[in-house]
Amino acid sequence: MADIYLDNNATTRVDDAVVAAMLPFFTEQYGNPSSMHGFGDKVGRALKLARAQVQSLLGAAHDSEIVFTSCGTESNSTAILSALKSFPDRREIITTTVEHPAVLTLCQHLEQNEGYTVHYLAVDRQGRLDLDTYRALLSPRVAVVSVMWANNETGTLFPVREMAEMAHAADVLFHTDAVQAVGKIPLDLKSTAIDMLSLSGHKLHAAKGVGVLYLRRGVRYRPLLRGGHQERGRRAGTENAAGIVGLGVAAELALHYMEYENAAVRRLRDTLEQGIIAQVPSCFVTGDPHNRLPNTANIAFEYIEGEAILLLLNKAGIAASSGSACTSGSLEPSHVMRAMDIPYTAAHGTVRFSFSRYNTAEEVARVIEAVPPVVAQLRKLSPYWDGKTNAPVRDPQQAFAPSYA
Ligand SMILES: *Cc1c(COP(=O)(O)O)cnc(C)c1O
């Protein structure tokens, strides 16, 4: 039996059509797109097509608003640092407590080492933001707002369209890390007030090492990388031609598969959630039940460790994740679970199953079969679980001493 991959929020399989489109750019079409000869010309035309394909997926007004970068992380850093350089007198940043480390770590650095004031918007138990708190923080002191479109751990969607409108009304730049949203939900940027957006190729069936920064026409901008005139001087460095061409094809496929993903992938995800919840006591789905990506299921299995579940699932040929790949390896529950104030006894036992169009109903059936015995086996070892009653021991929250400081 083939292994089952349910970790598509960490990275995705490169689509065969994407690989096929990339290959010639390693062999026959190796020209530098900036060169003034036929070799360069051909590659330049391929990049132009890819730019149009990404423009379509994003619903951007102009293809010149698409800047190719090396990854989602670079796009996020470029956007935030550009805003700070463009408005040197503005010393505040607004973001959230549940951003990807690609935004959070940068903000913490700016706060600790560069003297910026960073406002981290809190979330409730369901991972939702309070827009009144947000509105109150918007002021001429704020250089940029950076709020993710979809959360990588829970799939929770933030109301970024509305938040961008509010930022604009206050004359503040708005950036969104849309790495998890792009390709999974319709975007149509031209009908929004979003100024900057980040996406990453490897999260939507393109290769690792290519990303995009969307820059609304007319937005103030200062490049991170200076050098050659690539990307109209907005991102110097010879373009990753193969990666970009592949991303263009991936964007076209994403647009094509969007409806399928919304329906079929959601059905697989929901079947998995319902199947597990029906059979496993003391577990629940985290995140906003009403505004969520169709592909993400984050389930908290109380009184056991997510890492232990993953290990046993891995033995059964099932690949999932606990927290984000970037935070796993530490014993603390992820910052997203802590921000949602998920009880300590549950936050440690979260497992993220993230789907793609490559997953099948047979795979979901196998996972639904595999999970309950794994959880039962681990709970046998848990001091907080009573095997006789098949329920938690009395007052496990008390027994499980530490809680977050
Ligand atoms: C994966 C991810 C990133 C980082 O993208 P890279 O291309 O790997 O740098 C940023 N934000 C979110 C929400 C992600 O899921």
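Counting convention: from 1, in listed order, for ligands and their atoms alike. Any value given below was found using the heavy atoms of this structure, including those in side chains, with hydrogens, waters and symmetry copies removed.
Using a 4.0 Å cut-off between charged nitrogen and carboxylate oxygen, D288 and R292 do not count as a salt-bridge pair. A salt bridge is absent between R141 and D89; no separation between the charged side-chain nitrogens and carboxylate oxygens falls under 4.0 Å. For R266 and D270, the salt-bridge test fails: no basic side-chain N is under 4.0 Å from an acidic carboxylate O. A salt bridge links R51 to E231: one of the charged nitrogens lies within less than 4.0 Å of a carboxylate oxygen. A salt bridge does not link D15 to R13: none of the charged nitrogens lies less than 4.0 Å from a carboxylate oxygen.
Close approach of ligand 1 to N152 is summarised as follows: ligand atoms under 4.0 Å from at least one heavy atom of the residue are 13 (C), 15 (O). When each atom of ligand 1 is checked for a heavy atom of T73 under 4.0 Å away, the hits are 4 (C), 5 (O), 6 (P), 9 (O). Close approach of ligand 1 to H202 is summarised as follows: ligand atoms under 4.0 Å from at least one heavy atom of the residue are 6 (P), 7 (O), 8 (O).
At a heavy-atom distance under 4.0 Å, no atom of K208 approaches ligand 1. Within the 4.0 Å heavy-atom criterion, the part of K203 lying near ligand 1 is the side chain and not the backbone.
Considering both main-chain and side-chain atoms, Q180 comes within under 3.5 Å of ligand 1 through a nitrogen or oxygen pair. Considering both main-chain and side-chain atoms, N76 never comes within under 3.5 Å of ligand 1 through any nitrogen or oxygen pair.
By the 6.0 Å and 45° rule, R91 stacks over the aromatic ring of Y116.
What sits closest to atom 6 (P) of ligand 1 on the protein, heavy atoms only, is G72 N, 3.6 Å. Looking only at heavy atoms of the protein, atom 7 (O) of ligand 1 is closest to S200 OG, 2.6 Å. With respect to atom 11 (N) of ligand 1, the closest heavy atom belonging to the protein is D177 OD2, 2.7 Å.
Taking the six-membered ring where the residue is Trp, H205 and Y358 present perpendicular rings, their angle passing 60° and hence far from 30°.
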